[in-house]
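Accompanying notes for the structure given below.
Keep in mind that the numbers below use all heavy atoms, side chains included, and drop hydrogens, waters and symmetry copies.
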Amino acid sequence: MFRTQKKELPHKSITSITNLEGWVGHPLDPVGTLFSSLMEACHIDDENFSGFSDFTENMGHCKSLEYQHLPAHKFLEEGESYLTLAVEVALIGLGQQRIMPDGLYTQEKVCRNEEQLISKLQEIELDDTLVKIFRKQAVFLLEAGPYSGLGEIIHRESVPMHTFAKYLFTSLLPHDAELAYKIALRAMRLLVLESTAPTGDLTRPHHIASVVPNRYPRWFTLSHIESQQCELASTMLTAAKGDVRRLETVLESIQKNIHSSSHIFKLAQDAFKIATLMDSLPDITLLKVSLELGLQVMRMTLSTLNWRRREMVRWLVTCATEVGVYALDSIMQSWFTLFTPTEATSIVATTVMSNSTIVRLHLDCHQQEKLASSARTLALQCAMKDPQNCALSALTLCEKDHIAFETAYQIVLDAATTGMSYTQLFTIARYMEHRGYPMRAYKLATLAMTHLNLSYNQDTHPAINDVLWACALSHSLGKNELAAIIPLVVKSVKCATVLSDILRRCTLTTPGMVGLHGRRNSGKLMSLDKAPLRQLLDATIGAYINTTHSRLTHISPRHYSEFIEFLSKARETFLMAHDGHIQFTQFIDNLKQIYKGKKKLMMLVRERFG
């Protein structure tokens with residue numbers, strides 16, 4: 001029928017022609033029923049077995065020796081039997097083009113019936129006669145146009161043939177590999193996910209399905225269908241190992257037809273496993289297929305959220321390492337099309353530069369340096385693009401190259417005023433000190449301080465340790481550095497207990513006593529009556545006064561004893577000043593006057609401080 005109308009049909013990539021009724025998944029199960037009937041007819045009971053002795057010489061049989069090629073009398077073609085007819089009926093039914101029905105139940109029934117019929121076919125052992133039937137039907141299916149599920153052009157909403165094609169592929173592969181691949185490659189498509197919507201093909205009106213051409217249909221079993229498509233592709237990859245031409249064809253088909261990143265990732269992993277089986281040398285072509293699929297996944301998931309993304313990136317680096325040094329160099333050179341700046345520095349470049357990678361690849365000095373150079377270039381590009389998240393990794397990656405390290409440091413300084421938080425800057429500053437660059441660490445610490453703001457009640461803030469560290473660093477460098485950072489501390493920190501802690505530490509040793517490179521500076525302790533410590537002392541006293549008033553606004557009796565301890569700490573700071581005793585007495589008198597309504601609390605204040 002198709003051959004006669006083929007000349008009339010304009011050559012299009014889509015069609016509206018469809019069979020009006022699907023036999024597999026049909027409520028009455030016509031194909032399953034006919035298949036079972038024919039199989040029963042060639043079933044041999046043990047009792048009657050001797051009655052068929054004439055035919056035992058030419059029979060093909062299943063694994064349990066139950067199904068025989070019993071001749072079907074009065075059939076037209078010679079050599080036909082109930083078994084060949086049963087198999088042929090199943091193949092015709094499974095390969096019939098049919099539209100996906102509406103509704104979850106009917107769609108599940110289509111899948112279930114198809115799988116049941118295939119599992120029955122799998123029980124039959126193929127002999128030469130049956131292989132001929134398979135070949136004949138496979139060719140018919142490829143050439144039967146829109147009436148076959150494997151026709152060159154089919155309706156967009158046709159039930160996919162992945163499960164059936166996988167069975168045909170494995171059955172035909174030992175006998176006719178070319179035909180097996182033709183079938184499997186043709187079946188890989190999943191037209192319903194293609195972006196082009198069909199336009200009506202009105203040449204055969206009575207075969208047109210009554211569907212709205214441009215709607216996106218509700219395929220409830222789509223995830224199952226996509227996993228079957230993935231299984232078909234994986235089966236082809238496994239079979240094509242060692243055959244460069246076939247692997248390239250299968251790769252093209254996967255890239256064209258599979259739309260789900262998780263399935264492509266699974267195939268990439270499958271290809272990698274098959275390529276690196278322990279009992280043989282790695283198959284480099286299959287490894288490259290694996291890498292190519294991995295790169296596609298990276299591009300697909302770069303700008304979308306995917307919870308497996310980190311795993312995917314790590315896996316890709318492992319795969320590229322197996323392929324070789326040029327693959328690693330290539331992914332680093334084109335990092336911006338594959339990774340975010342954070343991924344490129346913290347996972348890709350860091351893994352590439354690790355000792356385990358260098359050992360794994362047996363790199364000589366020249367190759368190591370070339371790879372390191374690519375990693376440094378990547379690191380600097382990422383630091384420019386996203387300094388907040390990449391600056392520290394960039395500095396680490398550039399440590400062994402003076403110019404690159406200087407460039408990375410400058411990128412941090414440029415970004416410090418606008419795009420970086422105090423947490424990030426303190427982290428980088430601590431790294432700089434650890435690496436033996438105290439003056440650079442100090443510079444970054446001062447920049448971090450300008451972003452910080454600790455209010456009076458934030459005495460457990462995580463940044464407090466950083467502030468104390470920055471002051472200790474400045475103190476160790478010398479009086480000038482300490483004098484420069486104290487105004488920043490006074491401006492940023494309003495928390496009295498933190499300020500008093502800094503003040504106490506600054507008065508214990510002379511600034512610069514443990515100087516650079518272990519030099520010891522001789523000198524006196526800094527005076528609390530002169531800058532910069534006088535400014536810090538005044539700020540600390542002021543912070544205690546402000547905090548006291550803030551606490552008294554909303555104080556409850558259960559916090560009275562804690563408040564008295566707080567005032568005791570305040571007195572220690574007041575007494576560090578030349579006239580601190582007088583200042584503290586005035587402060588307490590003030591409190592007793594302003595908060596005289598809080599009688600019990602003021603009685604406790606009098607008991608402790610007079």
Side-chain angles (χ1 to χ4, degrees), residues 422-423 426 448-449 451-472 474-475 482 485-509 525-529 531-610:
Y422 61 81
T423 315
F426 275 131
M449 288 300 299
H451 292 283
L452 185 65
N453 186 19
L454 289 183
S455 64
Y456 76 92
N457 59 352
Q458 290 183 294
D459 51 359
T460 57
H461 195 281
I464 291 168
N465 280 334
D466 289 321
V467 174
L468 294 174
W469 168 81
C471 292
S474 308
H475 191 272
L482 187 61
I485 206 166
I486 280 174
L488 299 175
V489 172
V490 167
K491 190 177 177 187
S492 301
V493 181
K494 303 292 179 247
C495 183
T497 51
V498 178
L499 289 170
S500 64
D501 196 359
I502 295 167
L503 184 63
R504 184 180 55 78
R505 291 171 188 229
C506 287
T507 54
L508 291 177
T509 54
L525 291 172
M526 290 176 77
S527 167
L528 285 166
D529 291 331
L533 292 192
R534 178 74 213 192
Q535 188 187 359
L536 182 57
L537 177 59
D538 290 345
T540 310
I541 290 170
Y544 270 116
I545 292 168
N546 291 336
T547 306
T548 301
H549 288 300
S550 297
R551 284 193 174 188
L552 285 170
T553 312
H554 303 292
I555 198 164
S556 63
R558 64 196 173 97
H559 292 126
Y560 283 178
S561 59
E562 186 194 324
F563 177 72
I564 296 297
E565 291 309 313
F566 175 76
L567 282 183
S568 298
K569 284 185 183 172
R571 180 168 61 178
E572 288 171 19
T573 302
F574 272 84
L575 293 179
M576 292 172 87
H578 183 61
D579 55 350
H581 182 74
I582 300 163
Q583 278 193 62
F584 188 71
T585 306
Q586 284 174 346
F587 174 51
I588 293 295
D589 289 346
N590 254 350
L591 291 182
K592 288 189 284 195
Q593 183 61 37
I594 297 167
Y595 301 100
K596 58 189 175 190
K598 298 182 187 292
K599 289 177 183 171
K600 188 180 177 185
L601 179 58
M602 288 307 120
M603 186 183 75
L604 293 171
V605 169
R606 268 189 220 94
E607 279 176 13
R608 177 71 71 92
F609 306 109

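Note that the OG atom of S455 and the CG atom of N546 stand 11.5 Å from one another [nearest 0.5 Å]. One distance of note links CG of L452 with OG1 of T423; it measures 8.5 Å at 0.5 Å rounding. Note that the OG1 atom of T497 and the OH atom of Y456 stand 12.5 Å from one another [nearest 0.5 Å]. Summarising the geometry, atom OG belonging to S556 is positioned 11.5 Å from atom NE2 belonging to H554; distances are rounded to the nearest 0.5 Å. Rounding to the nearest 0.5 Å places CZ of R551 at 9.0 Å from CG of L567. One finds the CD1 atom of I545 at 9.5 Å from the CD atom of Q586 (value rounded to the nearest 0.5 Å).
Residues L537 and L533 fail the side-chain proximity criterion, which asks for heavy atoms closer than 4.5 Å. Proximity of C495 to N457: side-chain heavy atoms (C-beta onward) are nowhere separated by under 4.5 Å. The shortest distance between side-chain heavy atoms of E572 and F584 does not fall below 4.5 Å. Counting heavy atoms from C-beta outward, C506 and H475 have side chains that approach closer than 4.5 Å. Residues H581 and L575 meet the side-chain proximity criterion, which asks for heavy atoms closer than 4.5 Å. Looking at L528 and L503, their side chains come closer than 4.5 Å, going by heavy atoms from C-beta outward. With contacts defined as side-chain heavy-atom distances shorter than 4.5 Å, the pair L552/L591 qualifies. By the 4.5 Å heavy-atom criterion applied to side chains, S492 and L454 are not counted as neighbours.
Of all heavy-atom pairs between T547 and A496, the closest is OG1-CB, 4.2 Å. The two residues C471 and I502 come nearest to each other via the heavy atoms SG-CG2, 3.7 Å. Nearest heavy atoms, T507 versus R504: OG1-O, 2.7 Å. Closest of all the heavy-atom pairs between K494 and V490 is NZ-O, 3.0 Å. Contact record, P532 with I486: O-CG2, 3.7 Å, taken as the closest heavy-atom pair. Between T573 and S500, the shortest heavy-atom distance links the atoms OG1-CB, 3.6 Å.
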Donor-acceptor pairs under 3.5 angstrom involving side-chain atoms of residues 593-610: please list them, not counting sequence neighbours.
{"unit_1": "Y595", "atom_1": "OH", "unit_2": "H549", "atom_2": "ND1", "d": "2.8"}
{"unit_1": "R608", "atom_1": "NH1", "unit_2": "S568", "atom_2": "OG", "d": "2.7"}
{"unit_1": "R608", "atom_1": "NH2", "unit_2": "E565", "atom_2": "OE2", "d": "3.0"}

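The aromatic rings of W469 and F426 sit perpendicular to each other, their planes meeting at more than 60°, with 30° as the lower class boundary.
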- Residues V498, Q458; criterion side-chain contact (heavy atoms from CB on, under 4.5 Å); working and verdict: CA-CA 9 Å; V498 178; Q458 290 183 294; over 6 Å; no

- Task: Report the C-alpha distance between F566 and Y544 in whole Å, list the side-chain angles of each, state the deciding distance to 0.1 Å, and finish with yes or no for ring pair (Phe, Tyr, Trp, His ring centres under 6.0 Å).
- Result: CA-CA 9 Å; F566 175 76; Y544 270 116; 5.2 Å; yes

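The environment of CD1 in I582 is sparse: at most 12 heavy-atom neighbours from other residues, nucleotides or ligands sit within 6.0 Å.
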